[in-house]
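Structure first, commentary second.
Just the heavy atoms: all of them, side chains too, but no hydrogens, waters or symmetry mates, feed the values below. In what follows, chains are A, B, ... by sequence order, proteins preceding strands, each numbered from 1.
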2 protein chains.
Amino acid sequence: MKKTKLSSTNQLNKTYLEDTCMGAYALGIIGNRWKLSIFFYLNKGPMRFTEIKQSLQGITERMLALNLKEMERDQLISRTVFAEVPARVIYELTPIGRELTPVWEMLGLWGRKHKQAVEAEVTVKAAVV
Amino acid sequence: MKKTKLSSTNQLNKTYLEDTCMGAYALGIIGNRWKLSIFFYLNKGPMRFTEIKQSLQGITERMLALNLKEMERDQLISRTVFAEVPARVIYELTPIGRELTPVWEMLGLWGRKHKQAVEAEVTVKAAVV
DNA sequence: TGAGGACCTTACAAAAATGTAAGTATGAAG
DNA sequence: CTTCATACTTACATTTTTGTAAGGTCCTCA
């Protein structure tokens, strides 16, 4: 899952920040390209691999599998395999995963506010010019 | 500030996600190695370049300058230069930057909860073994 | 005139994240 | 005995982020 050099300055800085700032720690877990969006879908209910894949336009199987694996390792989601053929695998949020909801909402709220603020700023500047 | 290929799949996916998910948009602005920690310090009050640098163990001048520049571009912080020698430059949060506070708190709250949950889980497993 | 401090910038290199293409395993159904 | 669908894995390539090292400017003070 990982091939990080534990001794790199990069890694050292990362763990230092995650140790001293819980926000940075949280970002270390959900702060990448796809995870928040995967969370968004799973927050609506359990889904199987293919369903998630189809929901996330542009994600590759590799990326999806990788992210799901990491999220499982980080106990955000659980994985249930049904002994059928073709295989059926269900992913769903764990309790601690579900607790991300307010965080996600906060993030979205601020994002919306920020976007509006920036767009307003641009408009003002354009008006002046 | 950026040398991203706008046409790369990577970039395409990024903008797609940021367009469809405000949380992803927010992460695009604050979700990197140093920004949240820079925010943390500036949230306590205005600071000058060197002060921030000294607060953030391990950050290089390049990284600090780069991140501050991006944060200024994204209107999270403002930059004030005093015509003195040696130079004095003060960074401080903008209103929209200050509004990150509850987001940051949420993130930290969840982070702490998650860390505890994971550690508890490890303890349980150890007890069983 | 030349050293010094604060605040950057530049060219380059290493590391990490993401994407591409092609496999693998399973067992049922045709 | 070949094809099919699902859920992955693997080897590799590209892109992006982060770090390193060395400047560069400004004016002041000695």
Side-chain angles (χ1 to χ4, degrees), chain A residues 1-18 24 27-38 47-54 56-72 77 79-91, chain B residues 1-18 24 27-38 47-54 56-72 77 79-91:
Chain A
M1 185 151 12
K2 276 190 176 185
K3 332 162 196 181
T4 52
K5 289 202 177 176
L6 286 180
S7 58
S8 70
T9 305
N10 190 320
Q11 199 51 225
L12 256 37
N13 285 337
K14 185 172 186 229
T15 56
Y16 160 68
L17 288 174
E18 292 184 354
L27 282 191
I29 296 176
I30 53 160
N32 81 340
R33 173 79 93 265
W34 299 101
K35 279 175 190 162
L36 213 58
S37 298
I38 294 175
M47 284 174 103
R48 44 195 303 193
F49 188 87
T50 311
E51 291 173 330
I52 308 176
K53 188 184 144 197
Q54 284 161 356
L56 284 169
Q57 182 184 113
I59 199 170
T60 60
E61 298 199 332
R62 171 174 143 66
M63 271 331 218
L64 183 52
L66 195 62
N67 278 292
L68 288 171
K69 211 185 225 183
E70 287 176 1
M71 289 172 83
E72 195 194 352
I77 61 176
R79 193 178 100 111
T80 314
V81 184
F82 292 83
E84 303 173 1
V85 167
R88 183 157 65 99
V89 181
I90 294 289
Y91 292 92
Chain B
M1 184 154 7
K2 276 190 177 185
K3 332 161 198 182
T4 50
K5 289 204 177 176
L6 287 180
S7 58
S8 70
T9 305
N10 191 320
Q11 199 53 227
L12 256 36
N13 284 337
K14 187 175 186 226
T15 55
Y16 161 69
L17 288 174
E18 292 184 355
L27 283 192
I29 295 175
I30 53 161
N32 82 341
R33 174 76 95 264
W34 299 101
K35 279 176 189 161
L36 212 59
S37 298
I38 294 175
M47 283 174 103
R48 44 196 303 193
F49 189 87
T50 311
E51 290 173 330
I52 306 175
K53 187 184 143 193
Q54 284 162 355
L56 284 169
Q57 182 185 114
I59 199 169
T60 61
E61 297 199 332
R62 170 172 144 68
M63 272 332 221
L64 183 53
L66 194 63
N67 277 293
L68 288 171
K69 212 187 226 182
E70 288 176 0
M71 289 172 83
E72 195 195 352
I77 61 176
R79 193 178 100 109
T80 313
V81 184
F82 291 83
E84 304 173 0
V85 167
R88 184 157 65 99
V89 181
I90 294 289
Y91 293 92

Just compare C/dG5, D/dG19, C/dC7 and give me whichever is closest to any side-chain atom of B/Val85.
-> C/dG5
Interatomic distance, B/Glu70 CD vs D/dT18 C1' [rounded to whole Å] | 12 Å
Would you mind telling me which of C/dT9, D/dA7, C/dA6 lies closest to the side-chain atoms of A/Phe49?
-> D/dA7
Compare side-chain N and O positions of B/Thr9 against OP1 and OP2 of D/dT15 and report whether any pair is under 4.0 Å apart.
-> no
Gap between atoms CG and C1', on A/Leu66 and D/dA11 respectively (whole Å) = 14 Å
Would you mind reading off the distance between A/Tyr16 atom OH and D/dT18 atom P, rounded to a whole angstrom?
-> 17 Å
What is the nucleic acid contact for A/Phe82, judged by heavy atoms within less than 4.0 Å: base, sugar-phosphate only, or nothing?
-> nothing
Starting from C1' on C/dA17, measure out to CE on A/Met63 and report it in whole angstrom.
-> 6 Å
Would you kindly give the CG-to-P distance between B/Leu68 and C/dA6, to the nearest whole Å?
-> 16 Å
Any chance you could measure B/Leu56, atom CG, to B/Lys53, atom NZ, to the nearest 0.5 Å?
-> 11.5 Å
To the nearest angstrom, how far is A/Leu56 atom CG from C/dT18 atom P?
-> 13 Å
So does A/Arg62 get a side-chain nitrogen or oxygen closer than 4.0 Å to the phosphate oxygens (OP1/OP2) of D/dT10?
-> no
A/Lys69 backbone acceptor or donor facing A/Arg79 side chain under 3.5 Å | no
Let me know the distance between CG of B/Leu64 and P of D/dG19, rounded to the nearest Å.
-> 12 Å
Toward the 5' end of DNA chain D, which comes first, A/Arg88 or B/Gly58, by nearest nucleotide?
-> A/Arg88
Heavy-atom donor-acceptor pair, A/Gln11 side chain to A/Ser8 backbone, under 3.5 Å = no
Answer yes or no: does a side-chain N or O of A/Lys53 lie under 4.0 Å from OP1 or OP2 of D/dT6?
-> no
Mapping B/Ala65 and B/Arg48 onto DNA chain C by nearest heavy atom, which one lands closer to the 5' end?
-> B/Arg48
With a 4.0 Å cut-off on heavy atoms, is A/Thr60 in touch with a base, just the backbone sugar-phosphate, or nothing at all?
-> base
At under 4.0 Å, does any side-chain N or O of A/Asn13 touch on OP1 or OP2 of D/dT18?
-> no
Side-chain contact check for B/Arg79: nearest option of D/dG19, C/dC7, C/dT18 is C/dC7
Once you round to the nearest 0.5 Å, how far does CD of B/Glu51 lie from CD1 of B/Ile90?
-> 6.5 Å
Hey, could you give me the CG/CD1 distance between B/Asn67 and B/Ile59, rounded to the nearest 0.5 Å?
-> 5.5 Å
Value rounded to 0.5 Å, distance of CG in B/Leu68 from CH2 in B/Trp34 = 12.0 Å
Look at the side-chain N and O atoms of A/Lys14 and state whether any lies under 4.0 Å from the OP1 or OP2 oxygen of C/dA16.
-> no
Counting side-chain heavy atoms from CB outward, which of C/dC7, C/dA6, D/dA7 is closest to B/Pro86?
-> C/dA6
Using a cut-off of less than 4.0 Å, is there contact between a side-chain N or O of B/Asn32 and OP1 or OP2 of D/dT17?
-> no
Does D/dT16 have OP1 or OP2 sitting under 4.0 Å from an N or O in the side chain of B/Ser8?
-> yes
Assert: residue with more 5' nearest nucleotide on DNA chain D, out of A/Thr50 and B/Ala87, is A/Thr50
Phosphate OP1/OP2 of C/dA15 contacted by A/Gln11 side-chain N/O (<4.0 Å) | no
For A/Ile90 and D/dT6, give me the distance from atom CD1 to atom P, rounded to whole Å.
-> 13 Å
